[in-house]
Undergrad: 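Have a look at this one before I ask anything.
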Amino acid sequence: MIPFLQLLSLVFITPKVQEEDKTKDYKYDLSVYKRGDLLEVPRTLFTHFGIYLGNNRVAHFIPDILPMFTKNVEDIAKMVTNNRLILGVIAKAASVRVDSFADFAYGSEVLVNHTDRLCHQPPLEGDEVARRAEKLVGRCTYSLLWYNCEHYVMYCRYGVAISYQTCQFCTAVRKIICSRMNAYLTALCGIGIMLYLESLTPLTAVTTLLVAFTLWMAS
Ligand SMILES: *[C@@H]1O[C@H](CO)[C@@H](O)[C@H](O)[C@H]1NC(C)=O
């Protein structure tokens, strides 16, 4: 797994410096946000959540591959780009970190307290929400399905670690995997028959990788 990720990181992280400039020209009015507000932004495949701590600081639980490759605190502290995020999801490396509002928002529109309407629990008091968020800052493993950025903010704001997007996400992933799986299996059957009298090694390898990857992501 590790050499594979190193290869990916060379391809994705190193040449994409221009991606860091994404939020430079975007201005946010921070006076509307209060300590303990729950912030929500769209990021690649899913919605990302954070807790506003005040003074242009947002605590959020985000996947990030970079700490697996460098101990350079300055590099890690830079905004988490989408490539770092996606590789972090695959490697299940994540942490609760504090970033500036602009780095958290990543150039998108921000929704505030949106989950208050979905959650049956009333939110905790703002300062308590922020204190809980601050207490959890540090490294942690990440599983997209079982513990993610939404669980983190739900725990901080309502005292319950639940996720509304997990269910939708599971269904979506299952659909993709099932339809892809069908396609692959059909193709593999065809190849399998062709290779029947020859060596079956490539076929076995592909199947094993596919199954292993699916199990890894779902755990
Ligand atoms: C978000 O919720 C907090 C209470 O937890 C409230 O004080 C604040 O005004 C809300 N912010 C917005 C923008 O609705």
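Values below: every heavy atom of this structure, side chains too, minus hydrogens, waters and symmetry copies. For ligands, and for the atoms within them, numbers begin at 1 and follow the listed sequence.
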Undergrad: Mind checking the NE2-SG spacing from H60 to C156? Nearest 0.5 Å is all I need.
TA: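 Rounded to the nearest 0.5 Å, the NE2-SG separation comes out at 12.5 Å.
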Undergrad: Answer whether the closest heavy-atom distance between the side chains of Y106 and V41 falls below 4.5 Å.
TA: no
Undergrad: Ring centroids only, cut at 6.0 angstrom: are Y33 and F101 within range, meaning strictly under it?
TA: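 That pair passes the under 6.0 Å test.
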Undergrad: Could you pull out all residues at least two apart from N55 that satisfy side-chain hydrogen bond (donor to acceptor under 3.5 Å, both in side chains)?
TA: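 N55: no side-chain hydrogen bond (donor to acceptor under 3.5 Å, both in side chains) contacts found.
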Undergrad: Note every protein N or O atom lying under 3.5 Å from an N or O atom of ligand 1, pairing the names and giving the distance.
TA:
unit_1: ligand 1; atom_1: 2 (O); unit_2: N113; atom_2: ND2; d: 2.3
unit_1: ligand 1; atom_1: 2 (O); unit_2: R157; atom_2: NH2; d: 3.0
unit_1: ligand 1; atom_1: 5 (O); unit_2: R157; atom_2: NH1; d: 3.4
unit_1: ligand 1; atom_1: 5 (O); unit_2: R157; atom_2: NH2; d: 3.1
unit_1: ligand 1; atom_1: 9 (O); unit_2: K34; atom_2: NZ; d: 2.9
unit_1: ligand 1; atom_1: 11 (N); unit_2: N113; atom_2: ND2; d: 2.9
unit_1: ligand 1; atom_1: 14 (O); unit_2: N113; atom_2: ND2; d: 3.3

Undergrad: Please tell me if the side chains of T47 and E150 come closer than 4.5 Å, counting only heavy atoms from C-beta onward.
TA: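 Sidechains of E150 and T47: no contact.
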Undergrad: Taking the side chain as C-beta and beyond, is there a heavy-atom pair between Y52 and V112 under 4.5 Å?
TA: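 The answer is no, as the side chains (C-beta and beyond) never meet within the 4.5 Å cut-off.
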